[in-house]
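One structure is given here, and the rest of the page talks about it.
Naming convention: chains lettered A, B, ... in sequence-line order (proteins, then strands); numbering from 1 in each chain.
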Number of protein chains: 2
Amino acid sequence: MKFFDCSTAPSPRQVRIFIAEKGINDIIETVEVNLRDGEQLTDSFRKINPYCTVPVLETDDGTRVYSTAGCCRYLEEAYPEPCLMGKTNEEKAIIADMQWRAEIDGLLAVGEALRNSAPGLKDRALTGPDNYSQIPDLAERGRKRVERFFSTMDQILQNKTYIAGSDFSYADITAYCAISFATRLKFDLPDNAMNLHRWFESINERASSKI
Amino acid sequence: MKFFDCSTAPSPRQVRIFIAEKGINDIIETVEVNLRDGEQLTDSFRKINPYCTVPVLETDDGTRVYSTAGCCRYLEEAYPEPCLMGKTNEEKAIIADMQWRAEIDGLLAVGEALRNSAPGLKDRALTGPDNYSQIPDLAERGRKRVERFFSTMDQILQNKTYIAGSDFSYADITAYCAISFATRLKFDLPDNAMNLHRWFESINERASSKI
């Protein structure tokens, strides 16, 4: 199995953490793709992934999936333990629900804030094969949405150890990658968001977050 | 089980079609939420869903999920036949992958185009509890992305009956809801997108699309 990764980007990081939590690093060949130099837009990478993004997972039979959703679903089904997407129907539904929220309200919002303002990403306001101009108002909206996401997550964590309940899950991985990326971009977690701080520090301590 | 729906909106439509395909309409109580009149922002609806959106699914034990992802995951696990999210690990991964793409590149793009331009949605450029101003450049970007989505889907359907392979799946449901909504907003499917036309007409014929 092959995993196309980029060590500095938040989307493939979700899959990297997922793999580490499953304890299957040894059976997966990781290929680093240099997004900074635009390797994802080269002809040779387009043959691997016409969408010009990472993560990509190539299974042993040659099947390729091009999204975190596809990669993590494959890994969960092929390596069910430790379980990261829930055991009961209700757990599975809540994890899918919270993972979706973390992706749409968290990860996409941070991406909007960054990609619509960073000088190095001019005309690259979206990932993928097409160029899109930056929209400054969208960067500003992204910043507001990140703040709202922080407060939403803090509320969710008020009576819970993890985002979707008492067990660490895929929803935590997505939320953590979004929030960790936001802090790298100098968003500060609000001082009074005590639940969020507690949770964030506990995920920071996991071995899977350090690779 | 209760399903909070809105008959004119594309996101809950995914769940409505999912329920119809499963043949479980009779055991689910559907509650129509009047988005046009802003019912989703009332105090009484906020008690049901603080995110002020539909779909919402409330299971018999009172668990609530607030996204299409959460609703469909619950329904697939609780009512596995007919299968809409794949049987083998590879099928499950490809369906998750394509469903994600249809949501991000299709449904969100149509939403961007509409919500950032429609006079009736001033200050409602995003769903949810917060008001966000419309960004005209984002409406324009959304329109470009919808065109790209049409051509991507046409290519994907070149050698396939359905979006994720030979069986109808959740990925078709999401792509269909996005594209059907786009056509209602006067986006025309390109004349030369023969695969897309063939697929779209076949989904239009399904009983689940008519309710």
Answer yes or no: is there a side-chain heavy-atom contact under 4.5 Å between A:Pro129 and B:Arg148?
yes
Give a yes or no on this: more than 12 heavy atoms of other residues, nucleotides or ligands lie within 6.0 Å of atom CG of B:Asp123.
yes
With A:Asp154, which residues qualify under side chain to side chain contact (heavy atoms under 4.5 Å, CB included), at least two apart?
A:Ala193, A:Asn195, A:Leu196
Distance, nearest 0.5 Å, that separates OG1 of A:Thr88 from CD of B:Glu77
9.5 Å
Part of B:Thr152 lying under 4.5 Å from any heavy atom of chain A:
side chain
I want to check something: taking the side chain as every heavy atom from C-beta on, are B:Trp100 and A:Thr68 in contact at a cut-off of under 4.5 Å?
no
Give, for atom OH of B:Tyr74 and atom CD1 of A:Ile94, the distance between the pair rounded to the nearest 0.5 Å.
10.5 Å
Is B:Asp105 in contact with chain A via its backbone, its side chain, both, or neither, using a 4.5 Å heavy-atom distance?
neither
Interface moiety of B:Arg145 toward chain A, non-hydrogen atoms closer than 4.5 Å
both
Distance (rounded to the nearest 0.5 Å) between A:Cys71 SG and B:Asp97 CG:
7.0 Å
Rounded to the nearest 0.5 Å, how far apart are NZ of B:Lys92 and CZ of A:Arg73?
7.5 Å
Under 4.5 Å from any heavy atom of chain A, what part of B:Ile104 do you find: side chain, backbone, both or neither?
side chain
Smallest separation among heavy atoms of A:Ala96 and B:Gly70, with atom names
CB-CA, 4.2 Å
So which residues of residues 132-142 of chain A are in contact with chain B at a heavy-atom cut-off of under 4.5 Å?
A:Tyr132, A:Ile135, A:Asp137, A:Leu138, A:Arg141
What part of B:Asn116 is in contact with chain A, defined as an atom under 4.5 angstrom from a non-hydrogen atom: side chain, backbone, both or neither?
side chain
The interface call for B:Leu108 against chain A, heavy-atom contacts under 4.5 Å, is side chain
Are more than 12 heavy atoms, taken from residues, nucleotides or ligands other than A:Lys122, located less than 6.0 Å from that residue's NZ atom?
no
Take atom NZ in B:Lys160; do more than 12 heavy atoms of anything else shown fall under 6.0 Å from it?
yes
Look at A:Glu103, A:Met98, A:Gln99, A:Glu91 and state which one has the largest set of heavy-atom pairs under 4.5 Å with chain B.
A:Glu103
